[in-house]
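Here is the structure we will look at, set down as structure tokens.
Please read all numbers here as calculations on a predicted model, not as lab measurements.
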Amino acid sequence: MLNNISVMDKLKTLNRRDLMIFLIPLIVFSFYLYVFAPGIMVYDSFNQIHQIATGEFINWHPFFHTFIEMLCLKVYGSPASVAVLQIVIFSIMWMIICKYNRDDSVKSKIFILQIVITLVISLVPINPIYAINLQKDILFSYFLLFLCFLMQVLVDRKGKASIPLIIAIAVSMAFVAQLRHNGMILVMVFIVILTIWMYVKNRDLKMTLAVPALAVVCILLISSLNFIYDVDDHQKDPMSDIVGHMLVDYDMTLKIDPDDQVKLDKLMSKKDIKKHYNIYWKDPTRGEILDKKVWKENRSEYIDIAIKYSLRHPFHCIKYFLKSAPLVWDITRDEGWSHAQGVVYTTNMDSQRRVYYNKNNQTPVTDFDNASVKNVGNPVYEQINGWVNSARDNFVLDTLFYSPALYMYLSLIILVVIYWITRLRSLWLIYIPNLLNIAIVLVSIPAQQNRYLYPNLLVGYLLIIMLVSILVKRKYEVKG
């Protein structure tokens with residue numbers, strides 16, 4: 001067992017150490033918000049903010065995230081209000097994680113080590129920059145981190161969940177499901193895994209079914225917002241990107257049967273493929289290569305063709321997925337990724353605003369959907385902006401602090417080390433939610449952007465905190 005005290009019991013004894021852990025990211029991230037006020041928005045962010053400004057909602061991005069932003073803007077009419085919410089959420093979650101993995105009744109170095117780790121995490125630019133970034137992936141990543149932490153608590157309790165823990169797990173799963181479209185797949189698969197594990201672990205059917213039942217109820221309640229706010233269905237067909245991109249690769253590299261080749265030629269032209277196809281970037285497939293009408297009328301037929309050749313050439317299929325999603329497994333960033341929208345982050349909000357409104361032939365209607373960077377030209381802004389962009393573009397710093405693949409491998413190594421120390425077989429459950437996210441991103445990633453795999457870093461931080469706690473505790477037990 002990693003920890004034998006419940007989260008609720010721990011939270012009843014909050015102290016100055018918890019306040020210090022809470023304040024470190026809060027202060028650092030708030031400073032970044034001050035510098036980059038009113039926060040960092042990109043093309044997708046302006047899409048959602050403009051929906052709020054006009055009152056005309058679509059589900060191109062999950063409406064639940066747009067709804068959260070709308071509530072923040074009602075409290076304070078600036079995008080900064082959303083960034084403040086994200087900063088507070090992360091700071092609270094991180095404080096709880098550190099609190100749970102520390103025993104304040106015993107004098108040890110755990111607290112000092114947690115302070116050092118928290119400082120490092122807070123000062124690594126990607127974390128404060130993402131904390132003030134209004135994209136849906138940030139809140140998604142925070143709640144996926146917290147779901148993994150709750151699995152640590154559940155493993156410690158040997159699958160026996162109290163009512164507060166059941167509620168926390170269900171709400172976290174509902175948020176993960178509704179904050180990103182592919183989050184629903186992640187949660188549905190994880191609910192099955194978790195339900196089986198809990199029942200095998202304790203044979204308590206009532207308690208076991210309470211978690212998925214409450215999670216489904218929470219998901220349905222959140223989904224009802226789409227009807228309440230009359231959200232139009234403008235969600236893109238994700239299969240057009242995934243299958244279309246795959247079929248382009250198969251058409252270029254595999255021997256296609258004559259009948260299938262005729263069908264593929266109707267869907268896409270060799271000229272468009274040569275001009276727009278990029279192995280690292282799926283988005284142009286839908287807009288520039290595929291004939292939308294042909295795809296819509298024959299969608300299932302083209303999916304069958306993709307499945308047929310994937311089964312016929314399984315090794316090529318695996319090779320294709322790995323080649324099209326190097327962000328998942330490649331520790332170092334290839335220069336070619338930058339030509340496929342492969343960015344870690346951007347701080348140039350003004351250019352993103354211009355691109356959105358010019359491309360969509362729209363104009364802002366309020367102050368908050370016309371937000372611009374306030375401190376451009378200010379020496380502090382120029383210095384911090386220069387630092388975060390130079391860190392992003394530095395090969396060594398990018399690899400050490402930003403690489404999702406590195407943190408995935410590191411997390412797996414830490415899990416092995418923790419198992420070797422504790423012999424706790426159920427440890428794998430802690431990483432399963434993030435592993436599912438990695439698998440989903442592997443097959444569906446539209447571009448090599450770190451935000452899709454930001455949970456790799458966050459869950460890696462969680463496992464580092466766990467390992468430090470176990471090692472220090474083990475050292476003091478041996479001395480005792």
Ile132 versus Phe29, closest heavy-atom pair with distance: CG2-O, 3.9 Å
Nearest atoms (heavy-atom pairs only) where Pro62 meets Lys136: CD-CD, 3.4 Å
Side-chain donor/acceptor of Asn375 to backbone N/O of Glu382, under 3.5 Å: no
Side chain Asn434, main chain Tyr431, donor-acceptor under 3.5 Å: no
Whether Ser403 side chain and Ile331 backbone form a donor-acceptor pair below 3.5 Å: yes
Residues Arg354 and Asn348: side-chain donor-acceptor under 3.5 angstrom: no
Short N-O contact, Arg17 and Asp104, less than 4.0 angstrom: yes
Test item: Leu453 and Met408 side chains (from C-beta on) under 4.5 Å apart, heavy atoms: no
From Glu56 atom CD to Asp232 atom CG, the distance as rounded to the nearest 0.5 Å: 8.5 Å
Enclosure of Leu119 CG (heavy-atom neighbours >12, cutoff 6.0 Å): yes
Asp350 and Arg353: CA distance, side-chain angles, deciding distance, side-chain contact (heavy atoms from CB on, under 4.5 Å) verdict: CA-CA 5 Å; Asp350 290 344; Arg353 185 187 68 253; 3.0 Å; yes
Approximate separation, where rounding is to 0.5 Å, of Ile191 CD1 and Leu194 CG: 8.0 Å
Heavy-atom side-chain contact between His245 and Ile279 under 4.5 Å: yes
Minimum heavy-atom distance Gln86-Leu134, with the two atoms named: OE1-CA, 4.3 Å
Intermediate values then yes/no, side-chain contact (heavy atoms from CB on, under 4.5 Å), Ile49 and Leu73: CA-CA 9 Å; Ile49 293 293; Leu73 289 166; 3.9 Å; yes
Check: His50 ring centre within less than 6.0 Å of Tyr357 ring centre: yes
Heavy-atom closest contact (Met151 atom, Ile169 atom, distance): CE-CD1, 3.8 Å
Exam field: side chain Arg157 to backbone Lys160, donor-acceptor pair closer than 3.5 Å: yes
Gap between atom CE of Met41 and atom OG of Ser372 - 0.5 Å precision: 9.0 Å
Aromatic contact, Tyr345 with Tyr402 (centres under 6.0 Å): yes
Approximate separation, where rounding is to 0.5 Å, of Asp233 CG and Phe63 CZ: 13.5 Å
Inter- and intrachain pairs under side-chain hydrogen bond (donor to acceptor under 3.5 Å, both in side chains), touching residues 221-231, at least two apart: Gln178-Ser223
Candidate pair Thr347 and Ile129, rule side-chain contact (heavy atoms from CB on, under 4.5 Å), full reasoning: CA-CA 8 Å; Thr347 58; Ile129 289 296; 4.1 Å; yes
Atom of Met207, atom of Gly159 and distance for their closest heavy-atom approach: CE-O, 3.2 Å
Interatomic distance, Ile21 atom CD1 to Ile96 atom CD1 [nearest 0.5 angstrom]: 13.0 Å
Contact summary for Thr399 and Phe395, nearest pair of heavy atoms: OG1-O, 2.8 Å
Polar side chain donor-acceptor pair, Tyr130 to Asn450, under 3.5 angstrom: no
ring-ring contact (aromatic ring centres under 6.0 Å, His included) partners for Tyr381, two or more places apart: Phe36
Side-chain heavy-atom pair Ile52, Asp369 within 4.5 angstrom cut-off: no
Donor-acceptor pair between Asn389 and Asp393 side chains, under 3.5 angstrom: no
Partner of Gln48 by side chain to side chain donor-acceptor pair (under 3.5 Å), out of His65, Gln135, His61: His65
Polar side chain donor-acceptor pair, Tyr43 to Asn360, under 3.5 angstrom: yes
Phe321, CZ: over 12 other non-hydrogen atoms inside 6.0 angstrom: yes
Point-to-point distance, once rounded to the nearest 0.5 Å, from CD1 of Ile121 to CD1 of Ile117: 6.5 Å
Criterion side-chain contact (heavy atoms from CB on, under 4.5 Å) on Asn437 and Val176, from CA distance to verdict: CA-CA 10 Å; Asn437 183 59; Val176 169; over 6 Å; no
Flag side-chain contact, heavy atom, 4.5 Å: Ser444 against Asp241: no
Side chains of Asp44 and Arg451 in contact at under 4.5 Å (non-hydrogen atoms): yes
Main-chain N/O of Met466 paired to Ser469 side chain as donor or acceptor, under 3.5 Å: no
Distance-only polar pair, side chains of Asn47 and Gln51, donor-acceptor under 3.5 Å: yes
Sub-4.5 Å side-chain heavy-atom contact between Tyr454 and Tyr142: yes
Under 3.5 Å: donor-acceptor pair, side chain of Ser81, backbone of Cys72: yes
Whether Lys374 side chain and Pro38 backbone form a donor-acceptor pair below 3.5 Å: no
Close side-chain approach of Leu154 to Trp197, heavy-atom, < 4.5 Å: yes
Donor-acceptor under 3.5 Å (Ser426 side chain, Val155 main chain): no
Donor-acceptor contact present, side-chain Gln383 to main-chain Asn378, <3.5 Å: no
Any pair counted as side-chain hydrogen bond (donor to acceptor under 3.5 Å, both in side chains), so long as it reaches residues 115-125, sequence neighbours left out: Trp94-Thr118
Ring centers of Phe149, Phe146 separated by less than 6.0 Å: yes
Heavy-atom side-chain contact between Gln114 and Asn101 under 4.5 Å: yes
Mutual orientation of the aromatic rings belonging to Phe64 and Phe67 [parallel < 30°, tilted 30-60°, perpendicular > 60°]: parallel
